[in-house]
Asker: 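Quick one: the structure is below, questions incoming.
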There are 2 protein chains.
Amino acid sequence: MNHMDWNAYAALCPTRQALDRIADKWTVLILGLLCDGPMRFNAIRRRVEGISQKVLSQTLKSLERDGLVVRTAYPTVPVTVEYAITPIGASLADTVTPLRRWAEENIESILRARRAYDQAEVQMADAAFNSPIQR
Amino acid sequence: MNHMDWNAYAALCPTRQALDRIADKWTVLILGLLCDGPMRFNAIRRRVEGISQKVLSQTLKSLERDGLVVRTAYPTVPVTVEYAITPIGASLADTVTPLRRWAEENIESILRARRAYDQAEVQMADAAFNSPIQR
DNA sequence: TGTAACCGGTATCCAATGGAAACCAGGTAG
DNA sequence: CTACCTGGTTTCCATTGGATACCGGTTACA
């Protein structure tokens with residue numbers, strides 16, 4: 001069985017569920033960090049600004065379950081927990097990092113399009129207000 | 001101002017919000033379709049199995065707002081609405097399509113890791129049950 | 001003359017998710 | 001004694017997601 005048998009466009013294909021998991025902003029940011037080397041829980045938390053402990057914990061747990069990162073706890077005082085990327089996780093990181101870079105490179109174009117779109121919406125609302133008979 | 005000024009790791013950077021929008025399963029699937037040519041609403045709906053009308057409508061609207069697709073309504077009977085990818089949308093499609101392909105190529109490895117993880121969890125629960133003193 | 005289906009959507013409802021904040025054990029530093 | 005470090009879990013609430021019903025307008029079929 002090769003990968004041609006899987007199809008993310010099919011609702012029940014496990015690929016769909018996997019896509020939902022990996023196409024996630026936190027996943028992109030966390031994997032982007034870990035591919036530079038192992039990191040501890042709170043170190044990741046400080047670097048990924050705005051992530052809550054709960055969501056970081058959940059995301060790491062599910063990345064671990066999928067075999068994309070490995071969690072290692074050292075019996076130091078206080079306990080040290082290190083998260084490292086796996087080879088398959090690294091291959092995913094190579095795939096999602098361009099996504100982050102695309103966002104950083106094209107954000108201005110997006111913001112411009114948004115302003116134009118919202119402006120056009122306002123103008124349409126104005127027109128409807130000034131000649132409500134057209135409703 | 002160049003793209004080096006933007007940083008998705010900063011909570012308030014608009015790039016973060018954009019990343020959240022584009023790192024989405026429906027966006028990946030829809031852009032993957034549209035880069036083969038324009039498509040009508042219900043045609044997309046039939047190809048992206050399992051998407052609801054509401055979510056498709058919302059996703060397309062936000063893709064349009066961000067300038068990634070263009071919506072064209074033809075006054076035919078019944079009305080024909082066509083969604084086409086823009087050049088910048090196509091560049092995003094080039095970035096997210098590898099994500100879908102990665103999922104399709106690596107799903108088996110993920111499923112294997114999941115089974116191993118869940119199995120280990122069950123064993124740990126069993127051990128805890130058989131010697132509860134360790135709690 | 002129904003009536004069923006297609007078009008491209010809204011509107012409504014409820015469950016699941018997301019994030020803020022509190023809390024936890026166990027220990028250190030002041 | 002208090003405050004803070006470690007790596008989380010729990011609780012709560014608002015936002016979101018998806019299923020379903022509905023909408024006007026038109027066509028095909030019986």
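So that the names make sense, note that chain A is the first sequence line, chain B the second, and so on, each numbered from 1.
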Asker: Taking the side chain as every heavy atom from C-beta outward, state whether B:R21 and B:T59 have any pair of such atoms under 4.5 Å apart.
Answerer: yes
Asker: How close do A:A23 and B:L99 get, heavy atom to heavy atom, and via which atoms?
Answerer: CB-CD2, 4.0 Å
Asker: Heavy atoms under 4.0 Å is the rule here; annotate nucleotides 1-6 of chain D 5' to 3' with B where the base is hit, S where only the sugar-phosphate is, and - elsewhere.
Answerer: -----S
Asker: Using the salt bridge (Lys or Arg N to Asp or Glu O under 4.0 Å) criterion, which residues pair with B:D94? Sequence neighbours excluded.
Answerer: none
Asker: Just how far, in rounded Å, is C1' of D:dG7 from CE of A:M39?
Answerer: 16 Å
Asker: Looking only at heavy atoms, what is the nearest atom pair of A:L19 and A:A8, with distance?
Answerer: CD2-CB, 4.3 Å
Asker: Return the minimal non-hydrogen interatomic distance between B:W102 and A:S91, and the atom names on each side.
Answerer: NE1-OG, 2.7 Å
Asker: Give A:Y74 one of three labels, base, sugar-phosphate or nothing, depending on what nucleic acid heavy atoms sit under 4.0 Å from its own.
Answerer: nothing
Asker: Just wondering, do B:I107 and A:Q17 contact through their side chains at under 4.5 Å, heavy atoms?
Answerer: no
Asker: Does anything in residues 11-36 of chain A come within less than 4.0 Å of DNA chain D? Heavy atoms only, and list the residues if so.
Answerer: none
Asker: With a 4.0 angstrom cut-off to heavy atoms of chain A, pull out the first and last contacting nucleotide of DNA chain C, in 5'-to-3' order.
Answerer: C:dG18 to C:dG27
Asker: Hydrophobic clustering (ILVMFWY, side-chain heavy atoms < 4.5 Å, transitive) - are B:L56 and A:Y9 grouped together?
Answerer: yes
Asker: Can you tell if the side chain of B:R100 reaches within under 4.5 Å of the side chain of B:E104, non-hydrogen atoms only?
Answerer: yes
Asker: Check whether any side-chain heavy atom of A:L33 sits under 4.5 Å from a side-chain heavy atom of A:V48, and report yes or no.
Answerer: yes
Asker: Run the side-chain donor-acceptor check on residues 70-83 of chain A: report pairs under 3.5 Å with partners two or more places apart or on a different chain.
Answerer:
from	atom 1	to	atom 2	distance (Å)
A:R71	NE	A:Y83	OH	3.4
A:T76	OG1	A:P78	O	2.8
A:T76	OG1	A:T80	N	3.2
A:T76	OG1	A:T80	OG1	2.6

Asker: Which residue is it: A:R115, A:R112, A:R114? I am looking for the one with a salt bridge (Lys or Arg N to Asp or Glu O under 4.0 Å) to B:D66.
Answerer: A:R114
Asker: What parts of residues 52-73 of chain B reach DNA chain D, counting only heavy atoms under 4.0 Å away?
Answerer: B:Q53, B:K54, B:V55
Asker: Quick one, A:L29 with B:R16, criterion side-chain contact (heavy atoms from CB on, under 4.5 Å). Give me CA distance, side-chain angles, the key distance, then yes/no.
Answerer: CA-CA 10 Å; A:L29 295 173; B:R16 169 73 65 85; 3.5 Å; yes
Asker: Do A:V69 and A:I30 come close enough that some side-chain heavy atom pair is under 4.5 Å?
Answerer: no
